[in-house]
Amino acid sequence: MVYFLFIFIGVVYLSANSIISVLFFIMSLYHLFSWMERRKQAFSRRMYLLLFLVLMGNAIFAFTMLGIVYITIGVLSLIYALSTWLSYQQRKIDEREDKEE
């Protein structure tokens, strides 16, 4: 549900401020990944690493812009990037354990 909320916010801001819209679309990817993980159809480990890099870039870009909205989006992107990094590390551990069995 949150995935669709971020997509909706991105579409709403598309005509008003396209930069904020793109930032929201990028952050919606995090929710897509977490939704697919909950459905037991997780993406590959490399995709988690790519999402981490994209979210970090999103946060850095948001911090370079001026305004409280951009700073808020930057902080949220950093939190999502940290969560993605933790998921990436967990998937590495799970794959290692599966190979040992």
Side-chain angles (χ1 to χ4, degrees):
M1 289 304 235
V2 179
Y3 170 71
F4 295 115
L5 176 68
F6 273 74
I7 292 291
F8 178 74
I9 292 171
V11 169
V12 168
Y13 273 102
L14 195 56
S15 63
N17 191 340
S18 59
I19 295 173
I20 292 177
S21 176
V22 170
L23 295 175
F24 271 106
F25 286 144
I26 291 172
M27 288 191 313
S28 72
L29 289 174
Y30 167 78
H31 294 287
L32 175 66
F33 272 62
S34 64
W35 180 51
M36 293 300 285
E37 189 174 347
R38 279 189 216 115
R39 293 181 61 198
K40 305 292 185 211
Q41 298 175 343
F43 290 94
S44 70
R45 203 176 48 163
R46 290 183 182 178
M47 290 302 295
Y48 278 92
L49 187 59
L50 180 64
L51 179 64
F52 169 73
L53 294 174
V54 167
L55 286 170
M56 286 300 292
N58 193 37
I60 291 170
F61 177 76
F63 284 135
T64 61
M65 305 297 286
L66 296 176
I68 190 72
V69 174
Y70 293 109
I71 292 171
T72 305
I73 290 173
V75 169
L76 195 57
S77 289
L78 281 177
I79 292 169
Y80 288 169
L82 175 65
S83 178
T84 303
W85 179 256
L86 294 174
S87 295
Y88 169 74
Q89 294 297 325
Q90 185 62 43
R91 289 196 43 86
K92 273 177 56 174
I93 291 169
D94 291 344
E95 286 178 9
R96 219 176 298 140
E97 288 176 354
D98 288 341
K99 286 182 183 178
E100 288 177 0
E101 293 177 355

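Scope of the values below: all heavy atoms of this structure, side chains included, with no hydrogens, waters or symmetry mates. In this text the structure is predicted, and so the values were computed from the model without any measurement. Sequential numbering from 1 along the given sequence is applied to the chain's residues.
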Within-4.5 Å side-chain heavy-atom neighbours: Tyr88 and Leu51
no
Nearest heavy atoms of Ser83 and Tyr30, plus distance in Å
OG-OH, 2.8 Å
Applying side chain to side chain donor-acceptor pair (under 3.5 Å) between Tyr48 and each of Glu37, Lys92, Gln90, report the one that passes.
Glu37
Rounded to the nearest 0.5 angstrom, the CG-OG distance for Leu82 and Ser87 is 9.5 Å
Would you name the heavy atoms of Ser77 and Ala59 that are closest together and state the gap between them?
CB-CB, 3.7 Å
Reported CG-to-NZ distance for the pair Asp94 and Lys99, which is rounded to 0.5 angstrom:
12.5 Å
Any link between Ile68 and Ile73 through a network of hydrophobic side chains (Ile, Leu, Val, Met, Phe, Trp, Tyr) touching at under 4.5 Å?
yes
Would you say Phe6 and Phe8 are hydrophobically clustered, going by side-chain heavy atoms of ILVMFWY under 4.5 Å?
no
Look up atom OH in Tyr13 and atom CZ in Phe24, then write down how far apart they are to the nearest 0.5 Å.
6.5 Å
Between Thr64 and Phe61, the two heavy atoms sitting closest are OG1-O, 2.6 Å
CG (Leu66) with more than 12 external heavy atoms under 6.0 Å:
no
Reported CE-to-CG distance for the pair Met56 and Leu78, which is rounded to 0.5 angstrom
5.5 Å
Shared hydrophobic cluster for Leu53 and Leu29 (ILVMFWY, side-chain gaps under 4.5 Å):
yes
Working to the nearest 0.5 angstrom, can you tell me the gap between Trp35 CH2 and Ser28 OG?
12.0 Å
According to a 4.5 Å side-chain heavy-atom criterion applied to Ile, Leu, Val, Met, Phe, Trp and Tyr, with indirect links allowed, do Phe4 and Leu76 form part of one hydrophobic cluster?
yes
From NE2 (His31) to CE (Met36), nearest 0.5 Å:
15.5 Å
Nearest heavy-atom contact between Asn17 and Tyr70 is ND2-OH, 3.1 Å
Which of these passes side chain to side chain contact (heavy atoms under 4.5 Å, CB included) with Tyr80: Asn58, Leu55, Val75?
Leu55
Taking all non-hydrogen atoms of both residues into account, name the closest pair between Arg91 and Phe43 and its distance.
NH2-O, 3.1 Å
Any link between Ile79 and Ile20 through a network of hydrophobic side chains (Ile, Leu, Val, Met, Phe, Trp, Tyr) touching at under 4.5 Å?
yes
Aromatic rings Phe52 and Trp85: how do their planes relate, parallel, tilted or perpendicular, breaks at 30° and 60°?
tilted
